[in-house]
> 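Here it is, the structure, as structure tokens.
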Amino acid sequence: MTAHQKEAIEIVCPKCKRTEIVYITKEEMPKCEDCNVRMVFRELLKEGKSY
């Protein structure tokens with residue numbers, strides 16, 4: 001991965017299960033806005049994925 005590429009990941013709050021999408025270029029996981037608990041990695045999001 002080059003410096004110009006960003007990989008989207010889905011993170012989840014282990015307490016309330018709130019999810020957010022962030023980019024792996026961040027060094028520290030954000031805290032959940034609802035619980036103030038550090039969120040954890042859930043899924044690497046790739047283009048073309050469908051449910």
> Going through the distances and angles, do Lys31 and Glu33 end up as a salt bridge (charged side-chain N to carboxylate O under 4.0 Å, His left out)?
CA-CA 6 Å; Lys31 289 188 176 181; Glu33 293 177 9; over 6 Å; no
> Just to verify, what does Val40 make a side-chain contact (heavy atoms from CB on, under 4.5 Å) with, not counting sequence neighbours?
Val12, Pro14
> Mind checking whether Asp34 and Cys13 have side chains closer than 4.5 Å, heavy atoms only?
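When only atoms from C-beta onward are counted, Cys13 and Asp34 do not touch, as no gap falls below 4.5 Å.
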> Would you please name every residue forming a salt bridge (charged side-chain N to carboxylate O under 4.0 Å, His left out) with Arg42, sequence neighbours left out?
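Arg42 satisfies salt bridge (charged side-chain N to carboxylate O under 4.0 Å, His left out) with Glu10 once adjacent residues are dropped.
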> Start with the C-alpha gap between Thr19 and Ile11, add the side-chain angles, then the distance that decides, and say whether side-chain contact (heavy atoms from CB on, under 4.5 Å) holds.
CA-CA 6 Å; Thr19 61; Ile11 57 175; over 6 Å; no
> So, taking the atom named NZ in Lys17 and the one named SG in Cys32, what distance separates them when rounded to the nearest 0.5 Å?
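The distance works out to 11.0 Å.
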